[in-house]
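Notes follow once the structure below has been shown.
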Amino acid sequence: MKYSFKDIEEKWQKFWEEKKINEPDLRNAKNPFYNLMMFPYPSAEGLHVGNLYAFTGSDIYGRFKRMQGYDVFEPIGFDAFGIHSENYAIKTKRHPSKLIPQNIANFTRQLKKCGLMFDWSHVVDTTDPKYYKWTQWIFLQLYKAGLVYRKKSPVNWCPECKTVLADEQVIGGKCERHSDTEVEKRELEQWFFKITQYADKLYENLKWIDWSQNTKTAQELWIGKSEGAQIIFSVKGIDEKIVVFTTRPDTLFGATYMVLAPEHPLVPLLTTSDRKREVEDYVQKAIKKDQITRLDVTKEKTGVFTGSYAMNPANNSEIPIWIADYVLWGYGTGAIMAVPAHDSRDYEFAKQFNLPIIEVISKTGKPSEGELELYDGEGILINSGEFNGMNSDIAKRKIVEHLNKKGIAEFKINYRLHDWCISRQRYWGPPIPMVHCDKCGILPVNENDLPVLLPETDNYLPDDSGKSPLARVESWVETTCPKCGSKARKDTDVSDNFLDSAWYFLRYPSVGIDDVPMDKEITRKWLPVDMYIGGNEHAVLHLMYTRFICMALHDLGLIHFEEPFKRFRAHGLIIKDGNKMSKSKGNIVNPDEYIDKYGADTFRMYLMFLGPYQEGGDFRDSGIIGIHRFLEKVNSLSELNFTDETDFDDETNTILHQTIKVVTSDFESLKYNTAIARLMEFLNYIREKNITSKLIIKYFTQLLAPLAPHIAEEFWNKLGYSGSVFNSKLPVYDESKIKISNVNIVIQINGKIKDRIDVPKGLDEKELEKIALENEKVKAAISNKIINKIITVKDKLVNIVVK
RNA sequence: GCCGAAGUGGCGGAACUGGCAGACGCGCUGGACUCAAAAUCCAGUGAAGCUAAAACUUCGUGUGGGUUCGAGUCCCACCUUCGGUACCA
């Protein structure tokens, strides 16, 4: 019989939808399992193979859990606000409010063909006022908790997007959305979320959360916790202090100069009149320099002397104060003590400007001979007064303690992480729910007045003014002060798209309940998420922001957990012809074509067969046919006359139960490629042995179901079972049925294989040895040699070592 | 530069705690079926050597060393690719 995948897939998709097979009872489920995948941005181009790869792998896991008896909730939604959507709308000259619903409809149509176990009754669309009302509400809760503030500071400005960006959205000095647009620094007043207040918790929890290690490492590096000390340096002849941060207080005696970032506020004060011109010149240039050149490590160091000197508190020596752009205003205190002997950057700078280099750490405890080379490791202190001879790790503590008594040093932990700049000067996002009143200042909108609706306007293009297009919609901007009632103005920025996605999964189970963002009881039942699968490109974006938001909501008593995901696994990337799939490379694959040609089951399995799910794979058409043939063979099983046989020979039992065992554990560890290989082997066996037992076919169908849901349902039905195969329980393997009576052991001489023979399982070492020595090939090979020793491994091998 | 992952047939990839390298699939070769082709089925398929054929021998998991009776797997040094990060004091 022909494998008419089209009919089969349509039939079962309809069945699932009509019977609400994939809609668990969220209030009464006994055994909840929340299976989450990263919701897509609904692009106009439609569903991408990358999306489908991510979804399919997650879906297989969800279906697998379901067949283990869980009530699985597997929702989907659309991350439809944001610059990406808006830029596309601008490009194609269609208003985002018209374009996005079309895209969502198209995505929905495509997704419904892919055999995914979505609960379509709980869809989130971030642009729906019923959703973004609560996004704004979360903003207000954080504001009330003191986690939101407004500050004028140098922020990242993308000249292409014409908006500010958070640090996480600047990739290598370029805009996340425009990989060839350099981000500029602009001094603007913006809203920030105090994510740094949670820096330590974000960092520490990484030690126990069950996430892919590479994701955790990325976050660890981004948060960049470093332990050290702050030390105060006084300035000669001026009543000012310079505070520095260092992780190496043990090298204090080797500090031969200081460096301030060009933006440091003390710079004008420290500059002597004779140096003024040079310094101002340098500062001007440095600030103007774009990020890329400034951060280019390979270029020569530049800097300028201020004319002032500081006192090294260790030995009261005078050290010159310099300004250089290798010191960053955004990190630590924006000033350093430079220890050229033991820091590569200081070393380079000192060489360039002929500054003194004093060795204070050496491996031996004695000064190095010959020309002094950079050494940035640990060691023994020299040239350090009373601390000489001390180990650097002890000296780190002692020196700070010593200075602390004088009140000029303290231990300090610094983070690389910066506060999250949340405002965007764009149109397509939730307006920030704040009001500016001349009398009362800046106030939050009353919660009862939410949502602050995004105004309809055709004049939504961003401009270079540093103001959002919303500022141009006068009628919308005008409002009344929530406190005094007089005329006031709405905040005209919208919030970052990553705020929308920071809490979408909190909303899913409560979709349809409109008086609260999250129903308490349902949230307690379903959250935190049991399994989250997604791309690692969000390691320091979405995955960091969402942890912060949950921690904040937790501390506000709004949710009962601080870590949103019990498990997170990053899937690999699909590449084609050695490259990431992208429009610019012209190697985009449209899943529709393949699904039309081979069916969703084939395409799903093919994607999973490419390689280990957590490592990704190389997309090439040629392999699809193999999976399609496999499913055709599966389909042809339906021509069998099934028997009720339930007693099988040892071989069949062994293969059956081993297959169940291995496939089940492969599903659990997301090794879908080997699970598929196992099922292929099993099918080959069934065909070779002409097995017609209904029971065996049933087990096979169940194991196949998570991978190829449509054909599995069809078969389930053909076997005479009613309802959905996904309401059945996966078979559990029985170890006692795995009977191997004979094992194939290897006989080696000096580690080289001479023969392979079948012996009964469980023979002891002596017996194996005897068999090996009686082997004809062995006899021939060792005839006149002396046996040194014999190594036997039970059920595996005998190795005869001869001279 | 630093951090991480990986390098296995013609290709995608298997190989549990060191113990039969190349599972499974693609491709290719030969055969069956066919007027022929496609599809399907059967057999073979790491390389070299030696054979009429088989048997057999040698080599073989990026490179070079090492540990071990035995290394794709462990250790050291290096090379390459991919990903992340980038003057973070």
Side-chain angles (χ1 to χ4, degrees), chain A residues 171-173 213-215 217-218 220-222 224-226 228 244-248 251 255 259 261 291-292 294-299 301 324-328 330-339 342-346 348-349 376 414-418 536-537 539-540 572-573 575 578-580 605-606 609-612 614-627 629-630 632-633 636 662 665 671 673-684 687 744-753 755-756 777 788-802:
Chain A
I171 315 283
Q213 189 51 49
N214 49 353
T215 314
T217 307
E220 214 173 281
L221 291 171
W222 187 261
K225 181 178 184 172
S226 51
V244 304
F245 173 74
T246 178
T247 53
R248 295 297 301 270
T251 64
V259 186
Q291 292 281 291
I292 305 292
R294 181 154 172 190
L295 295 182
D296 186 358
V297 196
T298 54
K299 76 159 191 343
K301 297 245 179 313
D325 64 5
Y326 82 91
V327 172
L328 308 175
Y331 183 76
T333 60
I336 61 157
M337 60 177 216
V339 185
H342 306 293
D343 179 280
S344 61
R345 298 147 301 178
D346 298 346
E348 207 186 305
F349 191 80
D376 57 10
N414 241 319
Y415 298 93
R416 225 190 80 125
L417 183 70
H418 289 162
N536 217 19
E537 67 273 16
V540 295
L573 274 184
I575 56 168
N579 290 305
K580 251 189 222 179
M605 283 186 74
Y606 171 64
F609 195 54
L610 286 176
Q614 295 187 71
E615 283 165 37
D618 196 354
F619 189 95
R620 49 187 62 231
D621 292 12
S622 57
I624 295 181
I625 193 72
I627 296 285
R629 279 180 198 149
F630 168 74
E632 274 174 342
K633 286 178 200 165
S636 68
V662 174
S665 84
K671 289 189 200 148
N673 56 333
T674 48
I676 293 169
R678 273 291 173 157
L679 287 171
M680 285 173 167
E681 281 182 85
F682 192 42
L683 180 66
N684 290 343
R687 286 161 58 90
N744 195 267
I745 65 155
V746 174
I747 300 175
Q748 301 177 323
I749 291 177
N750 289 348
K752 301 217 166 185
I753 295 153
D755 206 359
R756 296 154 212 217
K777 287 178 191 165
N788 257 2
K789 64 172 156 179
I790 301 177
I791 287 148
T792 53
V793 181
K794 209 171 160 184
D795 296 335
K796 284 226 170 97
L797 63 82
V798 180
N799 187 12
I800 302 164
V801 186
V802 298

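Keep in mind it's a predicted model, so treat the numbers as computed, not measured. Naming: A, B, ... by sequence-line order, numbering from 1 per chain.
- Of the candidates B:C3, B:A89, B:A23, B:A89 carries the atom nearest the A:L328 side chain, counting heavy atoms from C-beta on.
- Among the nucleotides B:G19, B:A86, B:A14, the one closest to any side-chain atom of A:R416 is B:A86.
- Base pairing analysis places B:A47 opposite B:U58; the two distances defining the Watson-Crick or G-U wobble pair are each below 3.5 Å.
- If you check every strand for non-hydrogen atoms under 4.0 Å, A:N673 touches sugar and phosphate atoms only.
- Atom name P, nucleotides B:G60 and B:G66: the rounded distance is 14 Å, in whole Å.
- Note: CD (A:E537) to C1' (B:C82) measures 16 Å, nearest angstrom.
- Rounded to whole Å, the distance from CD1 on A:I625 to C1' on B:G12 is 16 Å.
- B:A71 is unpaired under the criterion used here, namely a Watson-Crick or G-U wobble arrangement in which both key atom distances are under 3.5 Å.
- With a 3.5 Å ceiling on both atom-pair distances, the Watson-Crick or G-U wobble partner of B:U40 is B:A32.
- At a threshold of 4.0 angstrom between heavy atoms, the contacts of A:K633 are confined to the sugar-phosphate backbone, with no base atom among them.
- Take the nearest nucleotide of RNA chain B for A:G224 and for A:L797: the residue whose nucleotide is more 5' is A:L797.
- Under the Watson-Crick or G-U wobble criterion, with both distances below 3.5 Å, B:C2 is paired with B:G84.
- A:K671 has its NZ atom 18 Å from the P atom of B:C24, to the nearest Å.
- In this model, a side-chain donor or acceptor of A:Q748 finds a partner on the base of B:G19 within 3.5 Å.
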Audit row: A:I627, A:M680, side chain to side chain contact (heavy atoms under 4.5 Å, CB included) steps and yes/no:
CA-CA 9 Å; A:I627 296 285; A:M680 285 173 167; 3.8 Å; yes

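- Among the protein residues, A:I791 comes within range of the nucleic acid bases, having at least one heavy atom under 4.0 Å from a base atom.
- A distance of about 15 Å separates the C1' atoms of B:G44 and B:G9, rounded to the whole Å.
- Each of B:A89, B:G12, B:C41 was ranked by its minimum atom distance to the side chain of A:D618; first place goes to B:G12.
- Using a 30° and 60° split on the angle between ring planes, A:Y326 and A:F349 fall in the tilted class, from 30° to 60°.
- Of all nucleotides present, none satisfies the Watson-Crick or G-U wobble test against B:A52 with each distance under 3.5 Å.
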Chi angles and distances behind the side chain to side chain contact (heavy atoms under 4.5 Å, CB included) call for A:T246, A:V339:
CA-CA 10 Å; A:T246 178; A:V339 185; over 6 Å; no

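- Using a 4.5 Å heavy-atom threshold, the side chains of A:L610 and A:E615 count as separate.
- Between A:E681 atom CD and B:G25 atom P the separation is 8 Å, expressed in whole Å.
- At the heavy-atom level, A:N799 lies under 4.0 Å from base atoms of the strands shown.
- Among the nucleotides B:C24, B:A89, B:C41, the one closest to any side-chain atom of A:R687 is B:C41.
- When the side-chain nitrogen and oxygen atoms of A:T674 are compared with OP1 and OP2 of B:G13, none of them lie within a distance under 4.0 Å.
- For the pair A:L221 and A:T333, nearest-nucleotide mapping onto RNA chain B gives the more 5' position to A:L221.
- Side-chain contact check for A:T251 versus A:M337: some heavy-atom pair is nearer than 4.5 Å.
- On the P atoms, B:G46 is 8 Å away from B:A23, given to the nearest whole Å.
- Annotation: B:C69 and B:U63 have their P atoms spaced 25 Å apart (nearest Å).
- Distance A:I790 CD1 to B:U68 P: 20 Å, rounded to the nearest Å.
- Nearest nucleotide to the A:D343 side chain, out of B:A89, B:G25, B:G19: B:A89.
- Atom CG in A:L679 sits 11.0 Å away from atom CG in A:N684 (nearest 0.5 Å).
- One interatomic measurement links the two molecules: CG of A:L610 to C1' of B:C11, which rounds to 13 Å at whole-angstrom precision.
- On the C1' atoms, B:G62 is 6 Å away from B:G7, given to the nearest whole Å.
- Spacing between B:G12 and B:A86 at atom C1', rounded to whole Å, works out to 34 Å.
- The CZ atom of A:F630 sits 11 Å away from the C1' atom of B:G25 (whole-angstrom rounding).
- B:G64 is paired with B:C76 under the Watson-Crick or G-U wobble criterion, all donor-acceptor distances under 3.5 Å.
- Nucleic acid contact class of A:N684 (heavy atoms, under 4.0 Å, all strands): sugar-phosphate only.
- The gap from the C1' atom of B:G22 to that of B:U61 amounts to 9 Å, rounded to the nearest Å.
- Residue-level contact check: A:R629 touches the backbone only, with heavy atoms under 4.0 Å from sugar-phosphate atoms and none from bases.
- B:G30 and B:A38 are spaced 12 Å apart, taking the P atom of each and rounding to whole Å.
- The glycosidic torsion of B:G9 lies within 90° of 0, placing the base in the syn range.
- Following rounding to the nearest Å, A:E220 (CD) and B:G4 (P) show an atom-to-atom distance of 11 Å.
- For the pair A:G330 and A:H418, the tightest heavy-atom approach, listed with the atom from each and the gap, is O-NE2, 2.8 Å.
- B:G25 and B:C11 make up a base pair, with Watson-Crick or G-U wobble contacts both under 3.5 Å.
- Between A:D343 and A:R248 the shortest side-chain heavy-atom distance does not fall below 4.5 Å.
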